[in-house]
There are 2 protein chains.
Amino acid sequence: MSASSPRPNMPHLNALRAFEAAARLGSFSLAAEELYVTPAAVTQQIKSLEAWAGMVLFERHAQGVTLTDATRDALPTLTEAFDLLGSSVHTLVRKARPRAIKIAALPSIAQFWLSPRLSALRDAVPGLEISVTARETLPNLKREPFDLCLFLEKSSDASGAIPLAQDEIFPVCAPSVAQRLAKRADLAAETWLNDENWSGDWDRWVSATGGGIPQPASRPVFSLFGLALEEAINGAGVLIGHRLLVGKHLQSGALVAPFPDPVPLVRQLFLRIGLGAGEDPVIAEIVNLLSREAAVPAA
Amino acid sequence: MSASSPRPNMPHLNALRAFEAAARLGSFSLAAEELYVTPAAVTQQIKSLEAWAGMVLFERHAQGVTLTDATRDALPTLTEAFDLLGSSVHTLVRKARPRAIKIAALPSIAQFWLSPRLSALRDAVPGLEISVTARETLPNLKREPFDLCLFLEKSSDASGAIPLAQDEIFPVCAPSVAQRLAKRADLAAETWLNDENWSGDWDRWVSATGGGIPQPASRPVFSLFGLALEEAINGAGVLIGHRLLVGKHLQSGALVAPFPDPVPLVRQLFLRIGLGAGEDPVIAEIVNLLSREAAVPAA
DNA sequence: ATGTTAGATTTAGATAATCTATGCCTAGCA
DNA sequence: TGCTAGGCATAGATTATCTAAATCTAACAT
């Protein structure tokens, strides 16, 4: 018997959070990604929790970790607790600023689909303060207090999400470049521009429209769709464009579509509503507006 | 619109915890007590959360704080989240060390009631590792992972707790002192010893047994019952003793009860079982043993 | 009114928690 | 054998958090 506890009654909350993430994801590295820290930080947090509890929490394997029999039972409750924490934080900030809307979106969607439509939203809802966070992957809405998410997802993965628009791809280029393109085969002589994240787009379009076009000499890759788009507008080559993202430039004439044979993509633009934001009238209004906006080419 | 969030998506967990405690208790000072920090620390945590949220979370009053209309709704979920956190931590440590039992008790109960009975527990359950934490007040079992609590409580406050024993008070002293005490009135010439936490005991006993004894010249007060007890054994005066605490010394003869007119107290010794510990067979065994032990004077 | 009190705040400085950077280690795999 | 993924260890830097002590404020009692 010790007369008083040699350690505090509760472990560090941050260590608990790291444990929960690592246990749920089965990997310290993935947990580190979710928490926006380095894997070493997760290792240390877990170690501190193990020291506090006086027990080993994970079985370490070469590729990842798994919970031990003793710790597995604690995970569901722990996950629920942190989910509740996230949702109560969301409730808190929504009550505080009912007209502040936090949107997470793919960087390209944010810049070329959402951005042109934001002024319509602001006109419709006076006093709206919209924050847009660009993210490569869908955030965990149970943890991060976003009100809306705009991501390209496969229908099969998107249960509970609202489909906004079908995406399709086709080549686009500056009008000056288009003059050189009388037939599809002429593309072989051009530079093919594309986004790093959609590296298969050109091949998909070529084969879906009949194939038979040899690879061009030059296929530069850009880490952001916006950079590739800029190059295309400057006449540096032909971009494989997404209808959702190039509508504005087609309308303005900065880009043209020399071969308007659209190839539909499996991924569609889906809208997701954050937990606890569903009943909010302002959010509901935004959702309606975005659904309508999705039907028209661009703002 | 800002292109990416200027602040992290979640506030600091410690700030959230401070907020929850302060909101639930309606006071920064009480929250500080619960969290074992100074009130200034709570103030700072709340300030940091308010800065993060960009809103005022509390209405500050002269005696305490209250939630604003905007923040009140978030509290129940937040409280539930932290309760779940506490309970999952408890689950974790219980699984890890099923024979480690954490008991919280009043300091005097721990030392003079529980301690003499611990060896009986250890004999009954091999491998038992008992930790005893002395606490002046009943811990919040939803937050702190104790398995058992032993406190003196009024029956009206003790719903859900198991009554173990009735407490009663009567004067005790060393045999040498008892020789001077032929009748109750002789007490007026002695030094009256008592514990700081039970300062009303002497007066309660005197009036309940008929009154009529003038205050003695000397009434030293001790911050711990153990100190007063030590003095009594050394013949420094007459202690107003609790049956639950002096049984062992009465048996050994170190103390005697010159006027065995016990006065029952409103508070009884109650046993509480920690959340998630109820189904544990080891805990159940301990509970049974303690209930039986409570029936006999001392070990 | 005036002092008293409970309770929140402010600030500076100290302490502790936490992170990153770096390199190492191990198991699985080609 | 070398490569890769992923966890581990350490040092040092950076943040977060705490305490201590002095204020401040409104309610309450004289």
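A, B, ... follow the sequence lines: proteins, then strands. Residue 1 opens every chain.
- Checked against salt bridge (Lys or Arg N to Asp or Glu O under 4.0 Å), B/Glu80 has no partners two or more places apart in sequence or in another chain.
- Residues satisfying the salt bridge (Lys or Arg N to Asp or Glu O under 4.0 Å) test with B/Glu129, not counting sequence neighbours, are B/Arg97.
- Residues passing the side chain to side chain contact (heavy atoms under 4.5 Å, CB included) test with B/Ala41 are B/Val37, B/Thr38, sequence neighbours excluded.
- Residues satisfying the ring-ring contact (aromatic ring centres under 6.0 Å, His included) test with B/Phe28, not counting sequence neighbours, are B/Phe58.
- The footprint of chain A on DNA chain D, defined by a heavy-atom cutoff below 4.0 Å, extends from D/dG6 to D/dA11.
- Phosphate contact (OP1/OP2 of C/dT18, side-chain N/O of A/Ser48, threshold under 4.0 Å): absent.
- Remark: B/Ser155 engages B/Gln268 in a side chain to side chain donor-acceptor pair (under 3.5 Å) (not counting sequence neighbours).
- Between its opening and closing five pairs, the helix from C/dA1-D/dT30 to C/dA30-D/dT1 changes axis direction by 30°, a value rounded to 10 degrees.
- Annotation: side chain to side chain donor-acceptor pair (under 3.5 Å) contacts of A/Gln45 (sequence neighbours excluded): none.
- Applying the side chain to side chain contact (heavy atoms under 4.5 Å, CB included) rule to A/Asp73 yields the partners B/Lys95; only residues at least two apart in sequence or on another chain are considered.
- Heavy-atom nearest nucleotides on DNA chain D were determined for A/Arg60 and for B/Pro39, and the one closer to the 5' end corresponds to A/Arg60.
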remark   = Going 5' to 3' through nucleotides 21-26 of chain C and flagging B where a protein heavy-atom sits under 4.0 Å of the base, S where only the sugar-phosphate is that close, and - otherwise, we get B-----

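- For residues 198-208 of chain B, every residue pair satisfying the side chain to side chain donor-acceptor pair (under 3.5 Å) rule, not counting sequence neighbours, is listed here: B/Asp201-B/Arg204, B/Asp201-B/His242, B/Asp203-B/Gln215, B/Asp203-B/Arg219.
- In the region residues 14-27 of chain A, proximity to DNA chain C at under 4.0 angstrom, judged on heavy atoms, holds for A/Asn14.
- Remark: B/Lys47 is not in phosphate contact with C/dA8, judged by side-chain N or O atoms under 4.0 Å from OP1 or OP2.
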